[in-house]
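For reference, the structure discussed in these notes is given below.
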Amino acid sequence: MIVRLDKQKQRTVRHQLLGDVTYIISHEALKQMQREGHTELSPVEVFLSARNFCDAILKLPDIEEGLDDEIDDLEDEAEGKNDFMLITAVATVQLQAISKQRVGIDFKKIIFRIFERLDNHELLWPLIEQMTNKEEERWLQGKRFNLLDYEIQEIELTGGGIAEVRNLFENFLNYSDQVDKDTIKGNLLLLNLYNIEHNHAYDEVIKAIYAKLGTKSTTLIQPKEYVNTKYVENEIRNVEAGGVGVTK
């Protein structure tokens, strides 16, 4: 149930999780827990382990009867109380998200039962508070938090090349139907500017993103041509309206 991945696989999965709001909410808090030595699991490993736990309990023919056994199994598998707490706490966030799409399941009862098992853990409420603050800040800013810029910086710092950045862009394309409009707008702005700065090395991927979002045609700006933020924002608005994108 608990996922462990090598660094390359973690990076690939992390790119795929950019469109998952629950990952975005929990990412920073989990990274801090790892940085402070409370766990050896990465945010990706915790998140995927929590997803496995959710899948396991939601497949039970009788969740109320089988829930405690699944919790016990996870606790036995976890390396210490911290890993168990982190995985199940993130699972409650995932369950809240799933509850908006599923009917006939008492999600509140499941979540409350998990919290009963975790209530004495000293790191639980600091973790919940940090994730809650992240969610509130995200809405106060009126947009989703964007990890795409972080991922690009990671690739560049570790010596990644064009192929790896292109793969990141393609992942955004594949998962864009799971992302809200504000995130798409922010990511498109970032991708366009990054593409321009790198002599249009990613034109084909950018065009594919526009095509998937319903753009009829796109004339991309020539290399090194100056584009200010407002101009690119106008392009994004055209995409939302089903327009034609930037024209010279």
Side-chain angles (χ1 to χ4, degrees), residues 1-59 70-98 114 118 121 123-124 126-128 130-131 134-135 144-179 183 187 190 205:
M1 188 179 298
I2 296 180
V3 175
R4 292 177 177 82
L5 305 172
D6 61 38
K7 288 186 177 180
Q8 182 58 45
K9 182 63 176 177
Q10 285 187 47
R11 181 180 298 171
T12 300
V13 175
R14 194 169 67 236
H15 294 171
Q16 296 170 355
L17 291 175
L18 291 174
D20 193 312
V21 176
T22 54
Y23 177 72
I24 293 173
I25 291 170
S26 62
H27 172 265
E28 286 184 6
L30 295 174
K31 194 167 185 179
Q32 182 174 332
M33 289 287 177
Q34 183 187 28
R35 187 165 53 242
E36 293 177 352
H38 298 302
T39 181
E40 293 185 0
L41 295 176
S42 70
V44 168
E45 291 170 326
V46 172
F47 189 85
L48 294 182
S49 300
R51 181 183 286 176
N52 285 347
F53 175 70
C54 291
D55 289 344
I57 62 178
L58 293 177
K59 288 177 182 177
E70 292 299 323
I71 294 175
D72 288 340
D73 287 347
L74 178 61
E75 188 170 19
D76 290 341
E77 185 180 349
E79 295 181 1
K81 293 290 185 180
N82 289 348
D83 288 359
F84 171 68
M85 182 279 293
L86 292 172
I87 293 168
T88 47
V90 172
T92 65
V93 179
Q94 295 177 355
L95 289 168
Q96 290 180 53
I98 295 169
I114 292 172
L118 298 177
H121 197 292
L123 296 176
L124 172 63
L127 174 71
I128 296 298
Q130 189 171 351
M131 289 193 292
K134 180 69 171 284
E135 172 73 346
R144 306 291 190 191
F145 269 76
N146 177 24
L147 297 181
L148 195 60
D149 188 42
Y150 166 80
E151 295 298 335
I152 290 175
Q153 291 178 35
E154 284 285 297
I155 289 172
E156 292 181 341
L157 286 172
T158 55
I162 288 177
E164 196 165 351
V165 176
R166 184 180 289 114
N167 182 62
L168 176 61
F169 283 22
E170 289 171 348
N171 279 323
F172 170 69
L173 170 63
N174 293 335
Y175 288 87
S176 61
D177 55 353
Q178 302 175 22
V179 183
T183 298
N187 285 343
L190 175 67
V205 182

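Any value given below was found using the heavy atoms of this structure, including those in side chains, with hydrogens, waters and symmetry copies removed. Along the sequence shown, residues carry numbers from 1. Worth saying up front: this structure is predicted, and the values here are computed from it rather than measured.
Other residues, nucleotides and ligands place no more than 12 heavy atoms under 6.0 Å from the CD atom of E40.
In this structure, CZ in R51 is found 6.5 Å from CD in Q94, a value given to the nearest 0.5 Å. Atoms CD and CD1, from E77 and I87 in turn, are 7.5 Å apart once rounded to the nearest 0.5 Å. A distance of 6.0 Å separates CG in L48 from CG in L17, rounded to the nearest 0.5 Å. Here the CD atom belonging to E70 is positioned 11.0 Å from the CG atom belonging to D55, to the nearest 0.5 angstrom. Here the straight-line distance linking atom CG of D76 with atom CD1 of I71 works out to 12.0 Å at 0.5 Å rounding. Atom-to-atom distance recorded for L41:CG and L5:CG is 10.0 Å, nearest 0.5 angstrom.
T39 places no side-chain N or O within 3.5 Å of a backbone atom of Q34 that could act as its donor or acceptor partner.
Remark: of the listed residues E28, H38, Q130, H38 is the sole one forming a side chain to side chain contact (heavy atoms under 4.5 Å, CB included) with M33. The only option from Q8, H15, R14, Q10 that meets the side chain to side chain contact (heavy atoms under 4.5 Å, CB included) definition with T12 turns out to be Q8.
A 4.5 Å side-chain heavy-atom check between H121 and N82 finds at least one atom pair inside the cut-off.
Across all their heavy atoms, S42 and E45 have their closest contact at N-OE1, 2.9 Å. C54 and A91 make their closest contact through SG-O, 3.6 Å (heavy atoms, listed as atom of the first residue, atom of the second, distance).
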Kindly indicate, with the supporting measurements, whether the criterion side chain to side chain contact (heavy atoms under 4.5 Å, CB included) is fulfilled by I2 and D83. CA-CA 9 Å; I2 296 180; D83 288 359; 5.5 Å; no
Between L95 and I57, does the side chain to side chain contact (heavy atoms under 4.5 Å, CB included) criterion hold? Intermediate values first, please. CA-CA 10 Å; L95 289 168; I57 62 178; 4.2 Å; yes
Are H27 and F47 close enough, and set up right, to give a side chain to side chain contact (heavy atoms under 4.5 Å, CB included), and what steps lead you there? CA-CA 9 Å; H27 172 265; F47 189 85; over 6 Å; no
